[in-house]
J.: 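I have a structure I would like to understand better, so I am pasting it below and will then ask my questions one at a time.
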Amino acid sequence: MNLSVKANELRKDVIQLIYDAKGGHIGGDLSVMDILVTLYYEQMNVDPAKMDDPNRDRFILSKGHSVESLYTILADKGFFPKEDLDTYSQFGSKYIGHPNNKINGIEMNSGSLGHGLPVAIGMALAGKMDNASYRTYVVMGDGELAEGSVWEGAMAASHFKLDNLCAVIDRNRLQISGSTEDVMAHEDLKKRWEAFNWYVLDIDGNDTEALSAAFEEAKELKGRPTMILANTTKGCGVSFIENRANWHHKVPTDAELAGALKELDQKILKGGR
Amino acid sequence: MNKIPNRQVICDVLMEQASENKDIVVACSDSRGSASLALFADAFPKQFVEVGIAEQNLVSISAGLASCGKRVFAASPACFLSSRSLEQAKVDVAYSNTNVTLIGISGGVSYGALGMTHHSAQDIAAMSSLPNMRVYLPSDRLQTKHLMEALCKDNKPAYVRVGRNPVEDVYEEGNVPFEMDRATVLSEGNDVAIIACGEMVHPAKEAGRLLEEKGIHATVLDMYCVKPIDKAAVVKAATNAKVVITVEEHTYIGGLGTMVDQIVCSECPKKVINLGLPDSPVITGKSQEVFDYYGLNGEGIAKKAEELLSK
Ligand SMILES: Cc1ncc(C[n+]2csc(CCOP(=O)(O)OP(=O)(O)O)c2C)c(N)n1
Ligand SMILES: [Mg+2]
């Protein structure tokens with residue numbers, strides 16, 4: 001499967017979903033899509049019919065506000081009927097604006113930033129206790145890294161030598177109030193995680209081939225957790241959304257919807273990014 | 001319908017006060033937009049502190065600033081401020097008695113379909129349980145202005161919760177009875193006492209009007225000062241009424257209702273019904289849809305009163 005094409009097809013679904021429901025965190029959805037697609041269509045052992053399999057890989061979307069991208073993937077993979085998403089954000093729906101583990105395929109509730117990594121550590125630690133073969137994946141935002149709990153987790157994961165844990169940072173350099181480096185600076189991020197004794201891979205996070213290679217490399221590593229610093233573009237795939245802080249949470253107009261879908265169609269036709 | 005949300009008024013008051021008092025500092029955690037404080041940040045860059053997405057840091061840093069003479073207003077979504085940084089609020093603000101006002105924005109179920117992580121249906125209980133912490137839920141933009149002006153003048157810990165969306169005016173421009181830590185009496189009647197706070201005051205007032213049309217007389221209290229609660233006002237209203245109803249945008253456990261129960265039970269025993277949110281994640285929906293579903297609107301409150309009185 002051409003993962004970049006898949007990611008762009010799902011970007012179209014995300015934008016349509018947000019347009020229809022009149023709400024959603026569009027910028028972060030578009031930046032994280034290649035990461036999620038590589039995990040769900042290539043890397044992870046998760047089957048909609050076997051979400052009770054104790055050996056399934058575990059996934060937590062710690063930047064829970066990007067749930068729309070996860071929804072489109074889970075729907076496409078048959079975790080629930082696509083029509084279910086018609087109720088997204090509507091009265092009485094379980095398809096809310098953050099991951100909700102009443103939904104098939106979602107392991108843990110999230111939405112309050114800074115929880116995912118420590119929870120993932122617990123899952124990976126249980127795997128070690130049980131000699132299980134599953135791997136645990138967690139995706140965080142870069143603004144999220146300001147939460148102290150992230151760094152408590154950074155410490156614990158290497159202390160417990162969790163080589164069955166792979167974390168990803170969606171390094172899009174933006175958060176609600178603007179540039180992450182203006183709001184609360186994180187550089188040098190690679191050195192910071194290395195100082196906590198993680199194995200760090202610094203890659204293009206919108207390149208599915210680079211992502212595949214990084215996830216494969218992490219699987220081989222022994223004795224340490226892996227951090228993939230996925231350098232992404234917030235709003236990736238749609239020129240007028242890219243790198244703009246005000247698109248963190250914004251609904252496209254009719255014209256913007258048409259323009260966005262057209263740009264993505266052109267990329268799909270060309271067979272890539 | 002009023003178009004100005006309470007949070008906007010908070011920014012206006014803080015900007016006014018900050019130009020005169022250079023010790024006023026506003027602190028945010030990637031929340032200046034949601035708090036309507038972006039204007040403040042632009043106008044007073046030297047009196048504004050941004051800590052990033054770090055609510056615990058936000059509250060402790062605010063306490064440190066306050067202990068060195070700053071008058072700090074820390075604004076972040078009520079859900080995170082009242083749970084993520086609860087220990088910082090307890091130890092560094094309340095226990096150490098520092099001059100910090102915590103402003104919980106988008107409180108209650110304002111964030112609607114974003115779900116329970118973003119709801120603060122427990123903040124009154126959490127914050128009220130801290131010794132030294134005062135808890136205020138203003139009912140409309142006009143009262144919010146008075147409350148903020150009063151808070152700017154004092155130097156004790158407080159938690160203020162406001163919602164995200166504009167709410168209907170409870171009061172009239174130029175006619176806003178306000179006394180610090182005293183409930184505002186919106187109407188007096190001897191059938192039922194309705195005691196409400198925050199965004200539930202408007203529907204409580206509406207219920208009073210609907211009941212009056214049917215010849216049922218209600219006392220309606222705006223208990224914006226949930227802590228210290230105006231005990232005398234509760235006793236007076238309850239004593240004169242046959243039944244008491246409390247209404248709040250909060251779980252019925254440990255909030256305004258519980259406090260009123262305790263007072264009425266010991267001072268003037270009679271039936272009290274607590275209206276609020278259930279002890280479960282609330283149903284998905286916009287605030288008004290959620291309120292309607294749980295009967296937290298004028299008709300729902302009035303119906304409850306009639307039901308109780310007919311028993
Ligand atoms: C504990 C907590 N504080 C605040 C928020 C509100 N919030 C939602 S998204 C967001 C910005 C996230 O920025 P980042 O982590 O960089 O995510 P991305 O850029 O990928 O959207 C904030 C502050 C939250 N969800 N959780
Ligand atoms: Mg970001």
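Residue numbering restarts at 1 for every chain, and letters A, B, ... go by the order of the sequence lines.
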J.: Mind checking whether Tyr40(A) and Phe79(A) have parallel, tilted or perpendicular rings, split at 30° and 60°?
T.: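 Ring orientation of Tyr40(A) relative to Phe79(A): perpendicular.
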J.: Would you check, one step at a time, whether the test side-chain hydrogen bond (donor to acceptor under 3.5 Å, both in side chains) holds for Ser120(B) with Ser82(B)?
T.: CA-CA 8 Å; Ser120(B) 62; Ser82(B) 65; 5.4 Å; no
J.: Out of Gly148(A), Gly92(A), Gly64(A), which one racks up the most heavy-atom pairs below 4.5 Å with chain B?
T.: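 Of the options given, most contacts go to Gly92(A).
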J.: Which bit of Gln90(A) comes within less than 4.5 Å of chain B, counting heavy atoms only: side chain, backbone, both or neither?
T.: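 The backbone, not the side chain.
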J.: Please check if the side chain of Glu144(A) supplies one atom and the backbone of Gly114(A) the other of a donor-acceptor pair under 3.5 Å.
T.: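 Such a contact is found between Glu144(A) side chain and Gly114(A) backbone.
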J.: Just by distance, do the side chain of Asn274(B) and the backbone of Tyr252(B) share a donor-acceptor pair under 3.5 Å?
T.: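 Not confirmed, Asn274(B) side chain does not pair with Tyr252(B) backbone.
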J.: Applying a criterion of heavy atom separation less than 4.5 Å, what residues of residues 179-195 of chain A form contacts with chain B?
T.: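 Residues Val183(A), Met184(A) are the ones that qualify, each having a heavy atom under 4.5 Å from chain B.
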J.: Less than 4.0 angstrom from a charged side-chain N to a carboxylate O is my criterion; do Arg11(A) and Asp29(A) meet it?
T.: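 Salt bridge flag = no for Asp29(A) with Arg11(A).
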J.: Is Arg71(B) close enough and on-axis enough to Phe73(B), meaning under 6.0 Å and within 45°, for cation-pi?
T.: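 Geometry flag: set, cation within 6.0 Å and 45°.
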J.: Considering only heavy atoms, which portion of Ser31(B) lies under 4.5 Å from any heavy atom of chain A: side chain, backbone, both, or neither?
T.: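 Ser31(B) touches chain A through backbone heavy atoms alone.
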J.: Report yes or no: do Tyr19(A) and Asp254(A) form a side-chain donor-acceptor pair below 3.5 Å?
T.: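 The answer is yes; a qualifying pair exists.
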J.: Pick from Thr284(B), Asn57(B), Val282(B): which one has the most heavy-atom pairs with chain A under 4.5 Å?
T.: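 Option with the greatest count: Thr284(B).
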J.: Which class fits the ring pair Tyr293(B) and Phe91(A): parallel under 30°, tilted 30 to 60°, perpendicular over 60°?
T.: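 Judged by the thresholds at 30° and 60°, the geometry between Tyr293(B) and Phe91(A) is perpendicular.
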J.: With a 4.5 angstrom heavy-atom cut-off, could you sort out which part of Leu114(B) is near chain A: side chain, backbone, both or neither?
T.: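 Looking at Leu114(B), backbone and side chain both touch chain A.
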J.: Any ion pair linking Asp292(B) and Lys286(B) (charged N to carboxylate O, less than 4.0 Å)?
T.: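 Looking at Lys286(B) and Asp292(B), the cut-off is not met.
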J.: Answer with side chain, backbone, both or neither: which region of Glu147(A) has an atom nearer than 4.5 Å to a non-hydrogen atom of chain B?
T.: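 For Glu147(A), heavy atoms of backbone and side chain both lie under 4.5 Å from chain B.
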J.: Report the option among Met116(B), Arg84(B), Glu55(B), Glu289(B) that has the most heavy-atom pairs separated by less than 4.5 Å from atoms of chain A.
T.: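 When all of Met116(B), Arg84(B), Glu55(B), Glu289(B) are compared, Arg84(B) has the most.
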J.: So, does Asn206(A) use its side chain to make a donor-acceptor pair with the main chain of Ser31(A) at under 3.5 Å?
T.: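 Yes, the answer is positive, given that a donor and an acceptor are paired below the 3.5 Å cut-off.
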J.: Is it the backbone or the side chain of Asp30(B) that comes under 4.5 Å from a heavy atom of chain A, or both, or neither?
T.: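 Answer is both: backbone and side chain atoms of Asp30(B) are under 4.5 Å from chain A.
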